[in-house]
Amino acid sequence: MAQVRLNEVFVELADTLVDDFDLLDFLYGLTEKCVEILDVDAAGIMLTDERDRLQVIAASTERTRLLELFQLQTEQGPCVDCFRTGRPVSVADMSATDRWPHFSEAAAEVGFASVHALPMRLRAEVIGALNLFHARPGTLDEGNLQVGQALADVATIGLLQQRAIQHRDSLTEQLQTALNSRVLIEQAKGVLAERLDLDVADAFSRLREESRNRNLRLSDLARGIVDGTDPSFLAAFDEASD
């Protein structure tokens, strides 16, 4: 059954040949699939923007997203090193290394003890990195490391393939669009969290659920919530919470 699910995941990740391909949902889905099949507690993705700078683009949990942001702010951490070298980075016990003191301390504060970063690359082109976190010390077994790298590779190929299909000028233009959309999504999460008295993680879950139920892009739904162009969006959330 596990192999059947793994095959299904690879088919899902490879299916970017659709007109309504949603990059953000694709990447959030990748983090969730990593948690599901790789025996990790959380996952995050960083990708380069138009200036070749790393940006946090997706994470399986809110605490993971914040830790990834901290990694960028301090310019130290496994994902940063992985992107710079194009090679996997693995630390079985962050409390036993002084490699990234600030990152290790921040990771411990949010409950992570070990980390593994895998490059998102195609040949010599590295477009980002996939971070995998464990709440306990320990290595990621070789089989899961290989599957994780395969997931990162398939996702990278899918992103580059989508660029070609959409005749974009460059992958960075597509990623920049996603980064701009992410700002809207973060704002919408805040609006929903305050409006429905939810924590940020639950607000985001509601946002994704509603976007799928309405067959809307995350960014389109977020824009409607933030700028109030369609009050029916928030009204629907309010009715659902009653």
Side-chain angles (χ1 to χ4, degrees), residues 9 13 23-49 54-83 88-95 97 99-120 127-140 144-145 147-149 151-152 155 175 178-179 181-183 185-190 192-193 198-209 218 222:
V9 167
L13 288 177
L23 175 62
L24 283 173
D25 197 56
F26 174 79
L27 293 172
Y28 279 115
L30 173 58
T31 64
E32 293 173 344
K33 290 174 176 64
C34 286
V35 173
E36 176 188 352
I37 67 178
L38 296 180
D39 189 31
V40 296
D41 296 300
I45 294 173
M46 291 186 188
L47 294 172
T48 50
D49 62 14
L54 278 179
Q55 301 283 354
V56 178
I57 195 72
S60 60
T61 67
E62 181 65 14
R63 62 176 178 163
T64 308
R65 185 184 74 85
L66 295 175
L67 180 60
E68 297 283 60
L69 286 172
F70 180 80
Q71 187 174 178
L72 291 182
Q73 291 167 354
T74 58
E75 296 185 346
Q76 66 164 236
C79 213
V80 173
D81 286 1
C82 179
F83 171 72
V89 174
S90 185
V91 175
D93 186 354
M94 285 187 283
S95 67
T97 181
R99 188 170 180 178
W100 319 290
H102 299 302
F103 174 80
S104 296
E105 182 180 351
E109 287 178 357
V110 294
F112 295 131
S114 59
V115 64
H116 317 279
L118 304 172
M120 297 185 69
I127 65 171
L130 170 65
N131 255 4
L132 306 172
F133 296 94
H134 270 126
R136 62 188 184 282
T139 60
L140 194 63
N144 279 337
L145 275 175
V147 172
Q149 187 62 67
L151 290 172
L175 295 179
L179 289 168
S181 297
R182 178 180 57 80
V183 173
I185 290 170
E186 294 302 321
Q187 292 173 337
K189 285 161 57 176
L192 290 178
L198 300 171
D199 63 33
V200 176
D202 288 340
F204 182 54
S205 295
R206 294 288 295 274
L207 183 67
R208 287 191 72 194
E209 179 182 1
L218 274 172

* **Set of residues satisfying salt bridge (charged side-chain N to carboxylate O under 4.0 Å, His left out) with respect to D81, sequence neighbours excluded** => R99

* Write down the atom of N131, the atom of A117, and the distance for their closest heavy-atom approach. => OD1-CB, 3.1 Å

* To do: Work out which heavy atom in L151 is nearest to a heavy atom in C34; give both atom names and the distance.
  => CD1-SG, 4.1 Å

* Taking only residues two or more places apart in sequence or in another chain, which ones pass side chain to side chain contact (heavy atoms under 4.5 Å, CB included) with A222? -> L184, I185, A188

* **With sequence neighbours excluded, residues passing side chain to side chain contact (heavy atoms under 4.5 Å, CB included) with A59** => T64, R65

* Asked: Taking all atoms of both residues into account, what is the closest heavy-atom pair of P119 and C82, and its distance?
  -> N-SG, 3.2 Å

* **Mutual orientation of the aromatic rings belonging to H134 and H116 [parallel < 30°, tilted 30-60°, perpendicular > 60°]** => perpendicular

* **D41: side-chain hydrogen bond (donor to acceptor under 3.5 Å, both in side chains) partners, not counting sequence neighbours** => none

* To do: Give a yes or no answer on whether the side chain of T97 reaches the backbone of D93 with a donor-acceptor pair at less than 3.5 Å.
  => no

* Applying side chain to side chain contact (heavy atoms under 4.5 Å, CB included), name anything that partners L145, two or more places apart in sequence or on another chain. => L118, L140, E142

* Asked: Hey, does the side chain of T139 reach the backbone of A92 with a donor-acceptor pair shorter than 3.5 angstrom?
  -> no

* **Counterpart residues, salt bridge (charged side-chain N to carboxylate O under 4.0 Å, His left out), relative to R182 (two or more places apart)** => none

* Structure fact -> Residues at least two apart in sequence or cross-chain that pass ring-ring contact (aromatic ring centres under 6.0 Å, His included) with F70, listed by chain then number, are none

* Asked: By salt bridge (charged side-chain N to carboxylate O under 4.0 Å, His left out), which residues pair with R63, not counting sequence neighbours?
  -> none

* Between the side chain of S114 and the main-chain N/O of R136, is any donor-acceptor distance below 3.5 Å? -> yes

* Asked: So which pairs with a foot in residues 70-80 pass side chain to side chain donor-acceptor pair (under 3.5 Å), sequence neighbours left out?
  -> E68-Q71

* Sequence neighbours left out, what passes side-chain hydrogen bond (donor to acceptor under 3.5 Å, both in side chains) with Q55? Give chain and number order. => D49

* To do: Check side chain to side chain contact (heavy atoms under 4.5 Å, CB included) between D25 and all other residues, then give those that pass, not counting sequence neighbours.
  => D22, R208, R212, L218

* I57: which of T31, T48, L24 passes side-chain contact (heavy atoms from CB on, under 4.5 Å) -> L24

* Residues two or more places apart in sequence or in another chain: which of them pass ring-ring contact (aromatic ring centres under 6.0 Å, His included) with F112? -> F133

